[in-house]
Protein chains: 2
Amino acid sequence: MHAFDVLGDPVRRRLLELLNDGERSSGELTEVVRAEFGISQPAVSQHLRVLRENGFATVRKEGTRRLYAVDPSPLREVDTWLRRFAARWEPHLMALETELARGRRQRRASVEEERKR
Amino acid sequence: MHAFDVLGDPVRRRLLELLNDGERSSGELTEVVRAEFGISQPAVSQHLRVLRENGFATVRKEGTRRLYAVDPSPLREVDTWLRRFAARWEPHLMALETELARGRRQRRASVEEERKR
DNA sequence: GGCTTATATAACCGATAACTTATATGGTGG
DNA sequence: CCACCATATAAGTTATCGGTTATATAAGCC
């Protein structure tokens, strides 16, 4: 399943949003999502499985609970794909990059200056 | 249909990549995608329709051809959603912003300096 | 050990997405 | 006007996804 398919589902997007604030137990996540989407516990569990199996989330056992956390790797991939188009809504991005380069150059120069003394 | 659903399909993603290099006719797009995915002309046409109807592409008639182009708005939305997570794979982004601010400050200072002389 | 609680899995089902083939639309050139 | 392109739409089929209920697993507690 491709990353974009995983993100296609609103429940899964919501789960990721929740996890973005930090680790949550399956139970807590289920609670919230059940209230918002009116779906069953197994339904949520299955969505969590999809997130796990596609690398969007990691799990950690703590007693009887399972604590989920975001794994950003696939999101990064999606972002990488998207960036091809970024110039279309952020035409100043190129300017920003040259700006950054300039900053680095200047800093390097200062450090060099410091060393010489 | 949500933006992420639209991007869930590999053919549609490919079409957007092609359009990212500039306007293309339906025929040109069909040609490429047919070769790469082995699907029929109507299949491609239907994908183009999805892109149109969800605001990812605009069309312009030119004679008997239809020229497609990227409309970035929905891609921007997707990017906006993604950015919530960006700190997880670009922990330097915050640093980058302060960097930028510093750059601006310095440039302003230089201009000021110049003015004084 | 047996009961309870947290979570996952299994099995099934209905909706829908993404093809296919066949056909319509509509501009162009003889 | 007619035949021919380029493109879109229609209708039908199939696979898959996301839900349900029922059940398994496994830790914690008395």
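Being a predicted model, the structure only gives us computed values, none of them experimental. Keep in mind that the numbers below use all heavy atoms, side chains included, and drop hydrogens, waters and symmetry copies.
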Asks: Report yes or no: does B/T80 contribute a side-chain atom to a donor-acceptor pair with the main-chain N or O of B/R76 at less than 3.5 Å?
Replies: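 Yes, the answer is positive, given that a donor and an acceptor are paired below the 3.5 Å cut-off.
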Asks: Is it the case that the side chain of A/N20 and the backbone of A/L16 share a donor-acceptor pair, with hydrogens and angles ignored and the cut-off at 3.5 Å?
Replies: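 No, because the side chain of A/N20 does not come within donor-acceptor range (under 3.5 Å) of the backbone of A/L16.
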Asks: What's the angle between the local helix axes at either end of the helix from C/dG1-D/dC30 to C/dG30-D/dC1, using five pairs per end and rounding to 10 degrees?
Replies: 10°
Asks: So if I take residues 30-53 of chain B and measure heavy-atom distances to DNA chain C, which residues fall below 4.0 Å?
Replies: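 By residue number: B/G38, B/I39, B/S40, B/P42, B/A43, B/Q46, B/H47.
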Asks: Pairs of donor and acceptor atoms involving the side chains of residues 64-71 of chain A, under 3.5 Å and at least two apart or interchain, shall be tabulated with distances.
Replies:
residue: A/Y68; atom: OH; partner: A/R52; partner atom: NE; Å: 3.2
residue: A/D71; atom: OD1; partner: A/S73; partner atom: N; Å: 3.1
residue: A/D71; atom: OD1; partner: A/S73; partner atom: OG; Å: 2.6

Asks: Protein-nucleotides 24-30 of chain D N/O pairs closer than 3.5 Å?
Replies:
none

Asks: Any idea how A/F4 and A/H2 line up, ring-wise: parallel (<30°), tilted (30 to 60°), or perpendicular (>60°)?
Replies: parallel
Asks: With sequence neighbours excluded, tell me which residues meet side-chain contact (heavy atoms from CB on, under 4.5 Å) with A/D79.
Replies: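 Partners of A/D79 by the side-chain contact (heavy atoms from CB on, under 4.5 Å) criterion, ordered by chain and then number, come out as A/R83, B/D79, B/L82, B/W89, B/E90.
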Asks: Regarding A/E62 and A/R60, does a basic nitrogen lie under 4.0 Å from an acidic carboxylate oxygen?
Replies: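 Looking at A/E62 and A/R60, the cut-off is met.
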Asks: So, does A/R12 use its side chain to make a donor-acceptor pair with the main chain of A/L7 at under 3.5 Å?
Replies: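 Not confirmed, A/R12 side chain does not pair with A/L7 backbone.
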Asks: Does OP1 or OP2 of D/dA8 have a side-chain N or O of B/Y68 closer than 4.0 Å?
Replies: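 Indeed, a polar side-chain atom of B/Y68 lies that close.
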Asks: At what distance, to the nearest 0.5 angstrom, does CZ of A/R84 lie from CG of B/L75?
Replies: 11.5 Å
Asks: Ion pair present between A/R24 and A/E28, side-chain N to carboxylate O less than 4.0 angstrom?
Replies: no
Asks: Roughly how far, to the nearest 0.5 Å, is the OG atom of B/S26 from the CD atom of B/E31?
Replies: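 So the gap between those two atoms works out to 11.0 Å.
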Asks: Mind calculating the distance between CG (B/L67) and C1' (D/dT7) to the nearest angstrom?
Replies: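 Going from CG in B/L67 over to C1' in D/dT7 covers 12 Å.
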Asks: How close or far is atom C1' of D/dA15 from atom CE of A/M1, stated in whole angstroms?
Replies: 13 Å
Asks: For the pair B/D9 (side chain) and B/V11 (backbone), establish whether a donor and an acceptor sit closer than 3.5 Å, ignoring hydrogens and angles.
Replies: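 Yes, B/D9 side chain to B/V11 backbone: donor-acceptor pair under 3.5 Å.
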Asks: When you measure from every atom of DNA chain C, which of residues 18-26 of chain B have a heavy atom less than 4.0 Å away?
Replies: none
Asks: Base, sugar-phosphate, or nothing: which does A/D9 touch, judged by heavy atoms less than 4.0 Å apart?
Replies: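 Sugar-phosphate only.
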Asks: Could you measure the distance from the CD atom of B/E17 to the CZ atom of B/R14? Nearest 0.5 Å is fine.
Replies: 5.0 Å
Asks: Pick from A/V32, A/T30, A/V33, A/V50: which one makes a side-chain contact (heavy atoms from CB on, under 4.5 Å) with A/L15?
Replies: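 The side-chain contact (heavy atoms from CB on, under 4.5 Å) with A/L15 is passed solely by A/V33 among A/V32, A/T30, A/V33, A/V50.
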Asks: Could you tell me how far apart B/L29 (CG) and D/dA6 (C1') are, to the nearest whole angstrom?
Replies: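 My rounded result for the distance is 13 Å.
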